[in-house]
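Written out below as structure tokens is the structure these notes cover.
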Amino acid sequence: MRIRFFSCIALAFALLACQTKQQQVYSPNGNIKVTIGVDNHNRAYYTAQYHSETVINNSYLGYTLSGDIDLTQFRLDGFTQLTHDDTWEQPWGEQRVIRNHYNELTMRLISLANPDLSMSVVVRAYNEGFAFRYIVDSQNNIGGKAEIVDENTEFCLPWDAQAWSGPTNHTNFLEALWTKSAVSEKDTVATPMTIEVRDDLYMVIHEANLTNYSSLDLAPAKREDTKTTLKATLVPWSDGVLVKTTFPFKSPWRTVLLANKPGDLITSYMELNLNEPCKIEDLSWIEPGRYIGIWWGMHMKDYTWEMGPKHGATTDNTKRYIDFAAKHGFKGVLVEGWNKGWEGDWTIIDDHFNYTEAYPDYDINYLCEYAKAKGVRIIAHTETGGAVENFENQMDSAFSYYHRLGINAVKTGYVNPKHNGKEWQRSQYGVEHYRKVVETAAKYEIMIDNHEPAMPTGIRRTWPNLMTGEGVRGQEWNAWNAAGGNPPYHTCVLPFTRGLAGPMDFTPVIFNFNNKVLPDVHPESTIAKQLAEFMILYSPLQMAADMIENMEGQDGMDFIESCPTTWEETRVIDAKIGEYIVEARKVRDDCQPTGKEPQAGAWFVAAITNEVARDIALTLHFLDSNASYLATIFQDGIDADYQTNPYSLEISEQMVSSQSTLHLHLARSGGVAIRIEKIQE
Ligand code: NOJ
């Protein structure tokens with residue numbers, strides 16, 4: 001019955017389409033309108049409006065394929081529309097239940113130059129943005145080769161607004177600082193690009209479901225008739241081709257988020273909705289949680305990865321970490337430098353890394369048993385140094401070996417801008433490799449933390465064992481970046497830029513800022529801000545990064561030990577990109593708390609600021625109105641300052657309710673982290 005109803009609607013729209021060369025689709029709430037059509041020059045285009053204001057001027061769509069195959073001029077073949085509305089549940093994430101509600105419009109086109117080629121543009125309008133993708137088919141060449149040499153997608157903006165972006169020369173591992181400048185002045189940049197049009201208008205361009213394709217970059221392009229144009233430029237293969245595929249093929253979704261407040265960008269789940277539903281049936285082995293690691297010691301040069309007098313991954317040292325994890329409620333212990341191959345220049349492309357042979361001073365069988373007895377799991381590390389083929393050759397046997405040992409998470413690494421010394425990390429080759437890793441890992445019930453990745457695009461919905469990743473300038477820069485630690489504004493930008501793409505393994509929480517090698521290099525923050533970042537910089541596998549001797553006895557550990565890494569709901573209370581963010585997260589209704597974690601019904605609130613101190617009045621109206629709560633507040637001491645007194649931390653308790661307002665002071669580059677436990681209904 002329902003199908004027949006939708007078919008009738010589709011037929012009605014199809015008939016209408018014969019009379020017009022363009023059609024509109026509206027978001028379910030009507031605030032966003034996207035128009036697609038074919039103009040008098042036979043070019044496919046789209047435009048978009050938000051609250052009746054044009055936000056994308058006429059922007060062209062299409063492709064050039066190798067062999068001079070033209071997909072830029074078309075005959076219109078018709079339109080269809082449909083509506084979709086359902087909800088689904090995340091196994092872990094910033095929000096448990098997600099509604100997927102959109103209106104979809106498809107425009108079917110036939111290439112003028114190559115009439116056996118068809119291209120559909122599918123547009124989905126959501127309440128918080130819209131997305132479109134191409135589906136290209138060839139009647140005569142089904143299954144035949146298709147090579148993209150140009151994707152002509154444009155984003156023509158009616159203003160030359162300021163935007164946050166990260167440069168993309170393909171060599172920086174997506175770890176450059178995000179900078180703010182006018183869109184027209186940008187060099188080629190990676191997405192997401194976060195455009196601050198005005199205080200009440202924000203736009204983010206990114207992509208979703210990057211599958212069998214290469215990563216999207218944006219470059220300013222010249223067009224007479226519009227203020228600022230960005231054009232898609234895809235990361236190429238070494239031979240210059242952008243995407244190598246077969247007919248029929250689909251592009252990833254090109255996504256445009258629109259919001260009046262920056263916080264609404266964070267609580268949009270459109271990107272996840274644009275990915276396929278979960279492909280893993282039994283999710284019981286996917287376990288978000290806190291972890292520690294034999295890691296900061298290497299970056300501070302106290303330990304080495306390779307075996308020797310300062311080897312970090314020894315049996316004794318790992319036991320110490322397992323003991324600490326068990327005592328303080330961490331589920332995982334990352335061990336780097338456990339496997340053979342770290343001697344000399346480990347970024348040379350050959351087969352020096354071995355993923356199943358441990359150094360002789362690391363008793364892997366004993367340690368995995370020891371960890372298991374203590375309720376802790378070892379997290380394995382598989383740095384490739386870019387030698388991807390070597391990793392792929394060993395991957396199955398390595399992952400099955402880890403599975404037998406009870407290891408259920410692997411941190412992968414690719415410290416070399418080119419895979420196999422040849423293909424960029426974000427090229428189609430890289431994208432396909434990263435997917436192969438996630439899918440193979442799923443076979444062996446292993447979660448992945450992907451360092452030096454391609455930018456995430458929501459694949460975690462389909463493969464929720466893809467937990468987290470780097471592609472972010474993380475804490476490690478506060479150890480060895482000779483130019484200084486990450487600037488105070490950095491983590492106030494990340495939630496609105498890199499964080500919109502997916503979870504970040506930033507590895508927050510350092511308690512000891514002494515750096516013996518580079519004394520001026522350390523986290524540019526207070527301790528309270530380090531704690532707050534543990535909640536704000538979202539990652540389902542969240543690391544407390546410091547060495548255990550620095551964490552033992554710290555008062556702030558009480559917050560870390562209690563803070564979950566998966567949530568019922570997330571709200572952004574207030575924010576200004578690059579300046580501050582105040583965020584609240586609710587403990588999952590179905591949580592099974594361990595150790596110091598609070599029961600369902602509890603909330604956590606955290607705030608961080610840039611180099612400017614500020615006072616915030618936090619009204620707790622999100623709490624249940626008929627309940628009372630105990631708030632434990634970890635805040636900057638009155639004399640705290642990131643430069644002169646970063647360690648000053650004050651911890652207090654207070655009974656609160658939904659009527660309460662907390663007046664909180666954030667020091668320069670400071671923060672506050674609050675646990676709010678329900679005491680009684
Ligand atoms: C860079 C990664 O970001 C870091 O976490 C890791 O320790 C080193 N590579 C070595 O693999």
Side-chain angles (χ1 to χ4, degrees), residues 167-176 190 210 212-215 217 234-244 295 298-299 304-308 311-313 334-359 362 380-402 410-441 446 448-455 466 469-474 476 480 505:
T168 168
N169 50 15
H170 311 314
T171 58
N172 60 26
F173 307 109
L174 299 172
E175 291 180 27
L210 173 57
N212 194 20
Y213 210 86
S214 70
S215 306
D217 285 338
L234 305 179
V235 180
W237 286 80
S238 50
D239 62 6
V241 174
L242 305 182
V243 176
K244 301 179 184 189
W295 180 78
M298 275 81 115
H299 290 271
T304 57
W305 279 278
E306 76 271 20
M307 200 170 92
H311 192 202
L334 165 72
V335 186
E336 297 201 0
W338 69 275
N339 64 319
K340 290 182 181 168
W342 286 92
E343 290 69 25
D345 179 0
W346 45 264
T347 63
I348 284 173
I349 307 294
D350 63 15
D351 56 2
H352 59 282
F353 273 123
N354 185 306
Y355 302 107
T356 50
E357 279 183 35
Y359 280 122
Y362 181 79
H381 181 226
T382 58
E383 175 59 60
T384 63
V388 168
E389 272 174 23
N390 177 45
F391 181 43
E392 287 197 1
N393 290 340
Q394 299 181 51
M395 195 159 62
D396 257 284
S397 51
F399 287 176
S400 87
Y401 175 53
Y402 304 157
V410 171
K411 170 176 168 179
T412 55
Y414 302 86
V415 181
N416 191 323
K418 288 186 175 174
H419 285 186
N420 304 319
K422 197 171 173 209
E423 306 296 347
W424 297 123
Q425 295 185 330
R426 298 168 56 241
S427 67
Q428 185 183 11
Y429 178 88
V431 167
E432 287 298 282
H433 166 72
Y434 295 128
R435 184 67 61 83
K436 204 178 297 169
V437 173
V438 171
E439 294 187 16
T440 309
I446 283 174
I448 293 294
D449 169 4
N450 182 186
H451 275 233
E452 295 84 25
M455 189 62 84
L466 172 53
E470 208 182 23
V472 63
R473 184 188 178 104
E476 64 190 18
W480 42 248
D505 195 31

Subject >> Contacts of type side chain to side chain contact (heavy atoms under 4.5 Å, CB included), residue Asp396, not counting sequence neighbours >> reply: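 Here the qualifying residues are Thr440, Lys443, Tyr444.
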Please confirm whether the backbone N or O of [Y] pairs with a side-chain atom of [X], one donor and one acceptor, at under 3.5 Å?
X: Asn420; Y: Val388; answer: yes
X: Ser214; Y: Val243; answer: no
X: Asp449; Y: Asp505; answer: no
X: Asn416; Y: Gly385; answer: yes
X: Gln394; Y: Tyr355; answer: yes

Subject >> Candidate pair Gln428 and Tyr213, rule side chain to side chain contact (heavy atoms under 4.5 Å, CB included), full reasoning >> reply: CA-CA 5 Å; Gln428 185 183 11; Tyr213 210 86; 5.6 Å; no
Would you give the length of the straight line joining atom [atom1] of [X] to atom [atom2] of [Y], rounded to the nearest 0.5 angstrom?
X: Met395; Y: Thr412; atom1: CE; atom2: OG1; result: 10.0 Å
X: Glu389; Y: His419; atom1: CD; atom2: NE2; result: 11.5 Å
X: Asn393; Y: Asp351; atom1: CG; atom2: CG; result: 9.0 Å
X: Trp295; Y: Lys411; atom1: CH2; atom2: NZ; result: 6.0 Å
X: Glu432; Y: Leu210; atom1: CD; atom2: CG; result: 8.5 Å
X: Asp217; Y: Leu234; atom1: CG; atom2: CG; result: 8.0 Å

Original post:
Are Trp346 and His352 close enough that a side-chain donor and a side-chain acceptor fall under 3.5 Å?
Top reply: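 Looking only at side-chain atoms, His352 and Trp346 do not form any donor-acceptor pair under 3.5 Å.
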**OP:** Can you spot which of His451, Glu470, His433 makes a side-chain contact (heavy atoms from CB on, under 4.5 Å) with Tyr414?
**Re:**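 That would be His433.
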For [X] and [Y], which heavy atoms make the closest approach, and how far apart are they?
X: Pro236; Y: Trp424; answer: O-CD1, 3.7 Å
X: Ala387; Y: Asp350; answer: CB-O, 3.3 Å
X: Lys422; Y: Ser238; answer: CE-OG, 3.5 Å
X: Ala313; Y: Gly337; answer: CB-O, 3.5 Å
X: Phe399; Y: Val437; answer: CE1-O, 3.8 Å
X: Thr171; Y: Pro417; answer: CA-CB, 3.9 Å

Subject >> Step-by-step side chain to side chain contact (heavy atoms under 4.5 Å, CB included) determination, Gln425 to Tyr434 >> reply: CA-CA 9 Å; Gln425 295 185 330; Tyr434 295 128; 3.6 Å; yes
**OP:** Answer yes or no: is there a side-chain heavy-atom contact under 4.5 Å between Thr168 and Met455?
**Re:**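 Contact flag for Thr168/Met455 side chains = no.
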**OP:** Could you give me the CA-CA distance, side-chain angles and deciding distance for Thr384 and Phe353, then say whether side chain to side chain contact (heavy atoms under 4.5 Å, CB included) is met?
**Re:** CA-CA 7 Å; Thr384 63; Phe353 273 123; 5.5 Å; no
**OP:** Apply the salt bridge (Lys or Arg N to Asp or Glu O under 4.0 Å) test between Lys340 and each candidate in Glu383, Glu306, Glu357; give the one that qualifies.
**Re:**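 When salt bridge (Lys or Arg N to Asp or Glu O under 4.0 Å) is applied between Lys340 and each of Glu383, Glu306, Glu357, only Glu357 qualifies.
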Subject >> Derivation of the side-chain hydrogen bond (donor to acceptor under 3.5 Å, both in side chains) call for Thr356 and Asn354 >> reply: CA-CA 6 Å; Thr356 50; Asn354 185 306; 3.3 Å; yes
Original post:
Can we call the ring centroids of His311 and Trp338 under 6.0 Å apart?
Top reply: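 No, they do not, as the ring centres are separated by 6.0 Å or more.
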